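Residue numbering restarts at 1 for every chain, and letters A, B, ... go by the order of the sequence lines. This structure is a prediction, so every number in the text was calculated from the model and none was measured. Side chains are part of it too, since the values below use all heavy atoms of this structure and drop only hydrogens, waters and symmetry mates.
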Amino acid sequence: MTRGDITTAADPTRLLEEAFREAIVAVLGDDYRHVDPIIRCSQNPAFGDYQANSAMSLAKHAGLKPRALAQQIAEAVAKNLRGVAETPEVAGPGFINIRLKAEALGKMLEALDTPQLGVHRDPNPHTIAIDLCGVNIAKQMHVGHLRSTIIGDCLARTFERIGRTVHRENHLGDWGLTIAMVLWSLTRSGDDLDTLGLEDLDKAYRHAQAECRQDEAAAAEAKATLIKLQQGDTETRRTWHKIIDVTMRAVYESFDLLNVKLGPNDNRPESFYRDRLKDVVEAFRVSGIAQEDQGALIVRFPDRDRPLILQKSDGGYLYATTDLAAVRRRVQELKASRVIYIVDARQRDHFRDVFDAARRIGWDRLDDGSRAELVHVPFGSVLGTDRKPLKTRSGENLPLRLLLTEAIQRATAEVRRRAENPSAPTHGLDDEALDAIGKAVGIGAVKYADLSSDLVRDYLFDLDRMVSFDGNTGPYLQYAHARVCSIFARAGVTPTDPAIKSAKLVITEPAERSLGLLLLRYPSVVAEVAATLEPHRLCTYLYDLANAYNTFYESCPVLKADRQQLRLSRLRLCNLLSRVLADGLDLLGIQTPGRM
RNA sequence: GCGCCCGUAGCUCAGCAGGAUAGAGCACCGGUUUCCUAAACCGGGGGUCGGAGGUUCGAGUCCUCCCGGGCGCGCCA
């Protein structure tokens, strides 16, 4: 490995790709310089650590026999990989299997053992905007906001981890007729606004909505209130600010409880765009992209019946109008090359229309002429164990607080139960400490359950399963991490001890090897999540990693290793593992208590 | 009616821009260990990957049709 390999030194896949590309060129000629060598991790250890799968398709293209070509590539690549891998072997229809030398594996792991943990920096200088959370003023947060917030925060952390600047855009619903209905309802009732809580606002919201639906006079009053709000009437504005304060105070508490990196600076409410809506509509009108139809202004698309409505026949604007204003700002002012919407899958059609309209008018174009990627990350509903969307008995959305409180209670109960074991490191901790751990575990459980399967699928909110310390759960991962911490406590050394930090990593046992190979995949997994916007890939990886660690720990003595060199090597490996685990969990927004 | 999404073990889910005999967890059955270790680890049974065609050297993965479930569809957000 040369000096120039500093970034790839810890990433065998990249190293192998290079080596194979050269080998392919050596065998087939320069025309093949840009083919993908198709390097994959082997599923089965019997086939080595990695495999190159390109020979089969290349053979067809070049008119050669697959196995014969594979043999030639294998021979050519052997030279490039001297010192790194054993002699590559051809198997099956033309797979080339590669097994890393233990020595090289140790070196790569040492190269991974940096503060960056080998994660590559994304050189793209543009920012990324993530539309997430989207709470409504005067409404409690419910399960629908949960997913958007958790997923958005996770993706934001991932992008920040690879060096991108992220704008978290909390597109608050603080404007429009629904808000006006609440304001009207509150002024009429004459309640003391200073004593109002979010539950009261929530109630007013529902009552006002029901009343306006049935009673035309009420609807007219609400509309009048909207006009007062729009015209800046002092009293109305005062009430408006008040309900925003009350709502957001509770929302910030939820953010804090959830351990998401969101705050007042991330608020970009609908009202922020209110002065821009006229321009949006005008731009579409003068460009001819939008047309009048039955008194409304709409955009038609050649490939679908459904039009996008920009302006109602009464002159009012719609949420599509605001969304277009937001796209424009995010690309042109925030300079985002990716604008990502974390919104319920049911709004797929809406975003398709909005994005297509934005592209047609060119609002996805950046200064340098490139086009920003507008992408909707759709997620499924949260279902109860009865397979129906989570609702309260009265059929309303389940408040987030209720749901989180129960998760925390369950987790805390389990933490306490385990603390009764005299050999548990948590034994004898006071209530406050145990509660703090229970909170981290409960929230971690909810988040992991949310992030660990394909986002578009509906997921079952099953507390029994998600709070369990066994299986593919948040607590299992946190537990694996805590166990590593406890080794160091027992060893009486800190992970930063120079003897550990500088120890040579020696890979001997199979379990050690599997763990090492898995650790080396971390940088590419992070990159993969950033590319695909699929956090569950990271979850699966971390779960495999925790499993590999538990197996290693079972079969490889650490503190009682028979040689001092091996002991230090394994301690260093443990430390590396714990940091990768903690780093990965942090990307998921999950905390890692030292004991649990 | 039009459109979108989903269908993998009893249950909950993976399956990495098609690659070797389809993998986990839970549950079930059996074993090891009480250990440097916080009860963890190892093994087993269980699948015509919704169905039928097609493309390919190779399909759970791509294409077409069908079945089943969910969701959306002009002035709410």
Practice task
With heavy atoms under 4.0 Å as the rule, sort Cys556(A) into base, sugar-phosphate or nothing.
Solution key: base

Problem - Presence of Arg490(A) side-chain N/O under 4.0 Å of A38(B) phosphate oxygens OP1/OP2 - result: yes

Practice task
Look at Arg387(A) and C6(B) and indicate whether a side-chain polar atom (N or O) is within less than 4.0 Å of OP1 or OP2.
Solution key: no

Exercise for the section: Tell me what Ala91(A) touches on the nucleic acid: a base, only sugar-phosphate, or nothing, going by heavy atoms under 4.0 Å. Expected result: base

Practice task
Select base, sugar-phosphate, or nothing to describe what Gly474(A) touches, counting heavy atoms under 4.0 Å on all strands.
Solution key: nothing

Exercise for the section: Look at all strands and tell whether Ser486(A) reaches a base, only sugar-phosphate, or nothing, counting heavy atoms closer than 4.0 Å. Expected result: base

Practice task
Output all residues satisfying ring pair (Phe, Tyr, Trp, His ring centres under 6.0 Å) with Phe355(A), sequence neighbours left out; order by chain, then residue number.
Solution key: Tyr341(A), Phe351(A)

Exercise for the section: May I ask you to say what Phe47(A) touches in the nucleic acid, namely base, sugar-phosphate or nothing, with a heavy-atom cut-off under 4.0 Å? Expected result: base

Practice task
Tell me what His427(A) touches on the nucleic acid: a base, only sugar-phosphate, or nothing, going by heavy atoms under 4.0 Å.
Solution key: nothing

Handout entry: Any N/O donor-acceptor pair, Asn97(A) side-chain to A20(B) base, under 3.5 Å
Key = yes

Problem - Short side-chain N/O contact from His536(A) to OP1 or OP2 of G15(B), under 4.0 Å - result: yes

Exercise for the section: Scan side-chain atoms only and decide if Thr508(A) and Glu512(A) contain a donor-acceptor pair under the 3.5 Å cut-off. Expected result: yes

Practice task
Please confirm whether any donor atom in the side chain of Asn44(A) sits under 3.5 Å from an acceptor in the base of U21(B), or the reverse.
Solution key: yes

Fill in the blank from the handout: Expected string for nucleotides 68-74 of chain B under the B/S/- scheme (protein heavy atoms, under 4.0 Å, primed atoms plus P, OP1, OP2 as sugar-phosphate) is ---SS-B

Exercise for the section: With heavy atoms under 4.0 Å as the rule, sort Tyr479(A) into base, sugar-phosphate or nothing. Expected result: base

Handout entry: Phosphate-side-chain proximity, Asn550(A) and C41(B), N/O vs OP1/OP2 below 4.0 Å
Key = yes

Practice task
Could you check whether Ser313(A) gets within reach of a base, just the sugar-phosphate, or nothing at all, counting any heavy atom under 4.0 Å?
Solution key: base

Handout entry: Cation-aromatic face contact Arg418(A)/Tyr479(A), 6.0 Å, 45 degrees
Key = yes

Exercise for the section: Go through the structure and list residues passing side-chain contact (heavy atoms from CB on, under 4.5 Å) with Leu64(A), not counting sequence neighbours. Expected result: Leu28(A), Ala62(A), Leu69(A)

Exercise for the section: Verify the contact: side-chain N or O of Lys312(A) to OP1 or OP2 of C75(B), cut-off strictly under 4.0 Å; return yes or no. Expected result: no

Practice task
Indicate, with a heavy-atom threshold strictly under 4.0 Å, whether Ala59(A) touches base, sugar-phosphate, or nothing.
Solution key: nothing

Practice task
Indicate, with a heavy-atom threshold strictly under 4.0 Å, whether Arg418(A) touches base, sugar-phosphate, or nothing.
Solution key: sugar-phosphate

